[in-house]
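This report concerns only the one structure given below.
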Number of protein chains: 2
Amino acid sequence: MTPLDMEETGAPICQCAPAAPGPRARPAGRAPLGLERVRIRPESLLGRWQERNASKTIPHCIGQLEASGVMNNFRRVIGESGAPYRGFVFADSDLYKVIEAVAWEIARSGTHRFDSWLDDAVALIARVQEPTGYLHTWIQGVAPSRRFAELDRNHEMYVLGHLIQAAVALDRAAGREDLLQVAIRFAALVDRRFGPGREEGIPGHPEVETALIELYRHTGQARWLRLAEHLVNQRGRDILPGEGFGRRYYQDHRPVRDAVDPTGHAVRQLYLNAGVTDLYLETGEELLHEVMREQWDRAHERKMYLSGAFGSRHRDESFGNDYELPADRAYAETCATIADLQWTWRMLLAGEDRRYADVMERELFNALAAAVDEGGTRFFYSNPMQRRPDRFSEENAPAERQPWYACACCPPNIARTIAQAGAYVASVLEVADGPVLELHQLVACDIGLPDALGGGTLAVRTDYPADGEISLHVNGPALPLGSAVRVRIPAWAEGVTLRAADRQRSVTDAERARGYVVIPADDVDGAFLQLPLRARWTAANHRVDAVRGAVALERGPILYCLEQADLPEGVAVDDVYLPEPPTAIELPPAAAAPAPSLRIGVKVRETENPLYRPATWGARVAASRRVEVDLVPFSTWGNRGPGAMRVWIPTA
Amino acid sequence: MTPLDMEETGAPICQCAPAAPGPRARPAGRAPLGLERVRIRPESLLGRWQERNASKTIPHCIGQLEASGVMNNFRRVIGESGAPYRGFVFADSDLYKVIEAVAWEIARSGTHRFDSWLDDAVALIARVQEPTGYLHTWIQGVAPSRRFAELDRNHEMYVLGHLIQAAVALDRAAGREDLLQVAIRFAALVDRRFGPGREEGIPGHPEVETALIELYRHTGQARWLRLAEHLVNQRGRDILPGEGFGRRYYQDHRPVRDAVDPTGHAVRQLYLNAGVTDLYLETGEELLHEVMREQWDRAHERKMYLSGAFGSRHRDESFGNDYELPADRAYAETCATIADLQWTWRMLLAGEDRRYADVMERELFNALAAAVDEGGTRFFYSNPMQRRPDRFSEENAPAERQPWYACACCPPNIARTIAQAGAYVASVLEVADGPVLELHQLVACDIGLPDALGGGTLAVRTDYPADGEISLHVNGPALPLGSAVRVRIPAWAEGVTLRAADRQRSVTDAERARGYVVIPADDVDGAFLQLPLRARWTAANHRVDAVRGAVALERGPILYCLEQADLPEGVAVDDVYLPEPPTAIELPPAAAAPAPSLRIGVKVRETENPLYRPATWGARVAASRRVEVDLVPFSTWGNRGPGAMRVWIPTA
């Protein structure tokens, strides 16, 4: 008997906070706050990104939906366009992700600028849906005989997942149910056909699982949770054909409760894990949490790039083996980082681990930020950590950010993620003494406190990550006695001090180890944290062959890189090395966004060596000269045109 | 006007030595000796491999031609089998390569054991050929409407190339012309359709170019040389569709005379280069030689694995960028090493460079030798330089050698190459003073000297590469005055001494730099060379990020590796490092084939580190212990079952 069998009442198990991308967690007593309660300040780094997302990225995506043929793919099914079908079989999901982005943007800013586009898009989708509920423009318009016939590749359930997410977002953000009714009709068709006791079938590309659980949270209808659990339970039972890249590719090689290794196509694994963790959050089935914890550790301690990216191989867009993290050959798909953000946020809600919020910060400011140009309308699909001078795009990875892709999963995924970034900032934890507001991301924001926390506003003010000073203020009613605010202390932060109730103290080793400092209710107003933002050199585990003998520069959560554009004429990026120990790192006086560039002294090899030569021991580099060079945030690389780049700088 | 236009006489330009895989070179005055003149001694390393090739590999291949369906693919076209077509569209070439292997084996050993199989196979091929000359069992039996319609992918000309090579070999080795007539009929059809002034068309997979030039050498008919040149000239003119991996993939991105970078699918590029170099050898067009020299340098000084393998990427089986040589992710296809052997042999015939024969030796004893198991019936398609403990075959590369492959290009390619290995041992150079016999490979053999060199036999005796002593003896007539023997001195060889005419001397720096020591006619008999075979550690260029901070062990031409099987319980290959400077290398008393294992002292890390951590400078490894371990020749890795392996050992 599964936990679900005990709850077949049809009644809602929990009512999720409106506009929250994550669930209200039962097992851990931790709940998300919801988008409408967290207002990121527009002058902050994340806030500026949200503004650019609203003014540039979302309108660009809407334009590209027309230009790439996605809108016509819908229109042609009902005779409103004579254009041929364009794009991959899952191109409908591009539209759904853009609708979701628009929905979260409405929730964030209250904008009405997309209303008429939304009206048209939702009406078009509704017209295309068949009376049965079926809705997939490639099957309907190109290959009707293959309906539900190739679940491994035609991605009907994947597309349904994105439809559900868009529909739930739109209802939460704008209170419009029209798309939700469309989504429910399609979901009901899938449930009737592939639900418990019906035909065997699971999606080749997981995504619908987490979406169905959100639909369950939103509607309170247990059938969606049961369908999600059924799809999870069937995995690893040889249901998919296993052709091509094999069963590992789509995580059908092993039952979910036995799959502790992150395997195969990285985005599929990570979306699946978001759904599996959601399942734990709603059912409390401990085995799922155990497996997810083990897999989270393996993914993040053996298979994560320093930028917070995942996926070492282009060929099957897959995780590599443990410690296989080549900088130049990284696939590092933008969507994998987004999927990991979703999964890790759910892991954070499910249990306490200081690493969860640290990883999310690493992902947001590095891998994900690098995927968009400074104008907000060009994107990387693949985010390598090194670009060689002679590279050409043999591996699905253009040298420059592109306005769109034939497989355009990433750009609208960025748009929906940034629009809802506020939801990842804080949560509320219920403990015996009273509720605790947890501040996971150190971002300037105003947080509308729930009644249990007094109902006032917590104002967080900081220039972080450019600067490490953070102040807290409570406006309106004071926090009730017994409640508290917990603020994350990142793993890299040394010498952090807290001034509260006019007392200044160092953050203790125990607090650093736990990863959070607790400020009691009375001390929150006027509390002031200082995180020294020292630049630091980071090395990788000795098993990461790809970056042996090299180090990377970080400052706070910001990862740096060396670009050809910052080197003198005639000096190649790949001939630069770092003297050992390295010279001091200078902070230039003018601090640019998103973080200051950092000046370091490096050496440049001046001899040409053969490909292979006798090894020498303890010898100095024969001929070199010293140059000063500015390293720039990895997230800004390539903004000055294509060129060689490297994150990992060799040592002598 | 091309050089060819000046020679449109229809008369043979040169008469190639029978059974020589390479041509008689005109521009350089260097000619191959031909298989029947070089008898590798059966007790030598190469000789034992040839014996195993004859007794195990070739019979295994013949069996696999039945088991894999290749023979039935022929039979079904003429109603002699009801089996469905099996394999890739170019599977006919498997049969042709096996016939070629059998032919060279007949030339080498005079065997008759394959005669009846040959009779049946050749008769079957002849029956399947259409009256037009057309012969391609996939088109004929599966997709007749696509005849010559998709030159980029159906590989009709590639298959023709292998048919020609098999037919020429069979005529040279066994004096049978039946297959040659079949090949000529198909070649004539291609010439009529795609020859000069006819329809545009080039093969997506080069190979036919070098084959056509061999056909020209064998028959003396200039039309084959003209057709080969025409196919070369058309490349880089957007004739192929450029779909999928793009024009670079099949070297149609740039005219051959302008293509100095090795690019795209490695086997295609390297076969093409063999053909282009053949074209230079026959036409003397200097520009071709210049381009080939530049491309050879770039291939071998920027893109070659230390084993002599090529191809850094699985996805499109391609060269990577310069210095992109990941050990674990190496594609390193066996056929790419074979194609490079063919090209480099032709470069050696075309011009003097000490590196050519060095590279061929590196390839034969390492990348190619590793592709076959000790039993001669299991093969690697991909030859990485590192195997991680948790690897699984996501990248076309099984963990163990396989008896055959769905794409079975490699096994029969090995068989034909080893059967003709004698042809790569020596050549004759015409210089003003008289002919010079050049001994490129230091292998125990008997060389039948041409009349210009006295007509006797040069007996080379050595246990090389296990041992560095080489003696020369002339049996029969003495070498004529003015003639000489040149013996290659490998680049790694230091302290080489020559005893000749009872005088012992060191090989001079000038001789080492030239790569050959010259022994005048009178001194050849009884000459004795000693090459000290010291084990040595090799490092890579600093731009090879993948192996920074690591070294590889070599002794003579033999590359070594560390296998899990040789480590104590509980010690992982990837936790081993080398103290700096390393301890002395011990040669165990019992020297095994193909070379002794070498015992070294290494250290083992005993702490578990996080994936990323603050860099430390000049710190010692926190906890380690010392173990002794035997490194084994890379060519033997995996013979004791699958397991972790690495060629490049990290230093402290």
Side-chain angles (χ1 to χ4, degrees), chain A residues 245-246 248-249 261 264 300-302 304 306 313-316 318 320-324 326-329 386 388-392 394-395 536-552 574-575 577 580-582 605 609-618 648 650-651, chain B residues 245-246 248-249 261 264 300-302 304 306 313-316 318 320-324 326-329 386 388-395 536-551 574-575 577 580-582 605 609-618 648 650-651:
Chain A
F245 296 122
R248 287 174 176 272
Y249 175 67
D261 260 321
H300 296 81
E301 282 295 336
R302 302 183 193 177
M304 182 181 73
L306 186 57
R313 300 180 180 180
H314 282 250
R315 186 169 169 275
D316 49 359
S318 72
N321 293 315
D322 288 349
Y323 306 106
E324 178 193 329
D328 52 346
R329 298 278 290 273
Q386 177 182 5
R388 293 184 180 276
D390 62 332
R391 79 165 297 282
F392 41 85
E394 281 176 316
E395 290 209 302
R536 64 192 189 277
W537 291 103
T538 298
N541 187 291
H542 67 271
R543 291 177 186 152
V544 184
D545 292 285
V547 300
R548 175 172 295 115
V551 292
D574 290 341
D575 292 340
Y577 69 98
E580 205 170 319
R605 285 174 202 270
N609 281 321
L611 185 54
Y612 302 110
R613 65 181 195 285
T616 51
W617 311 99
W648 293 94
T651 54
Chain B
F245 295 123
R248 287 174 175 273
Y249 175 68
D261 261 321
H300 296 80
E301 283 296 335
R302 301 182 194 177
M304 183 181 73
L306 185 57
R313 299 179 181 181
H314 282 250
R315 186 169 170 274
D316 48 359
S318 72
N321 294 315
D322 288 350
Y323 306 106
E324 179 192 328
D328 52 346
R329 298 278 291 273
Q386 176 183 5
R388 294 183 179 276
D390 62 333
R391 79 164 296 283
F392 41 85
S393 56
E394 283 178 313
E395 290 209 301
R536 63 193 190 278
W537 291 103
T538 298
N541 187 291
H542 67 272
R543 290 178 186 152
V544 185
D545 293 285
V547 300
R548 174 173 297 116
V551 294
D574 290 342
D575 292 339
Y577 69 97
E580 205 171 317
R605 285 175 202 269
N609 280 321
L611 184 54
Y612 302 109
R613 65 180 195 284
T616 51
W617 311 100
W648 292 94
T651 55

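Worth saying up front: this structure is predicted, and the values here are computed from it rather than measured. Chain letters run A, B, ... following the sequence lines, proteins first and then strands; every chain starts at 1.
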Is [X] in contact with chain B via its backbone, its side chain, both, or neither, using a 4.5 Å heavy-atom distance?
| X | answer |
| --- | --- |
| A:T651 | side chain |
| A:A546 | backbone |
| A:P326 | side chain |

Checklist entry - Quick one: does A:R543's side chain get under 4.5 Å of B:D575's, heavy atoms only? => result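 They are in side-chain contact.
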
Checklist entry - Looking at side-chain heavy atoms only, is the closest gap between A:Y323 and B:D328 below 4.5 Å? => result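 A side-chain contact under 4.5 Å is absent here.
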
Identify which of [options] forms the greatest number of heavy-atom pairs closer than 4.5 Å to chain B.
| options | result |
| --- | --- |
| A:P581, A:P582, A:A327, A:G549 | A:P582 |
| A:H300, A:H542, A:E580 | A:H542 |
| A:V544, A:D322, A:V547 | A:D322 |

Checklist entry - Picking from B:G246, B:P650, B:A550, which has the most non-hydrogen pairs under 4.5 angstrom with chain A? => result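 Winner by heavy-atom pair count: B:P650.
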
Item to check | Atom pair CD/OH of B:E301 and A:Y612 - distance to nearest 0.5 Å | outcome: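 With rounding to 0.5 Å, CD (B:E301) is 9.5 Å from OH (A:Y612).
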
Checklist entry - Can you tell me how far CG of B:L611 sits from OG1 of A:T538, rounded to the nearest 0.5 angstrom? => result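 Here the interatomic distance stands at 11.0 Å.
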
Item to check | Which atoms of B:R613 approach chain A - backbone, side chain, both or neither, heavy atom under 4.5 Å | outcome: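 For B:R613, heavy atoms of backbone and side chain both lie under 4.5 Å from chain A.
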
Checklist entry - Is any side-chain N of the basic residue among A:R329 and B:D545 closer than 4.0 Å to the acidic one's carboxylate O? => result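 Salt bridge between A:R329 and B:D545, a charged N being under 4.0 Å from a carboxylate O: no.
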
Next on the checklist: Taking B:N609's backbone N and O only, do any of them form a donor-acceptor pair with A:N541's side chain (distance below 3.5 Å, no angle check)?
Outcome noted: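 Checked: pair present.
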
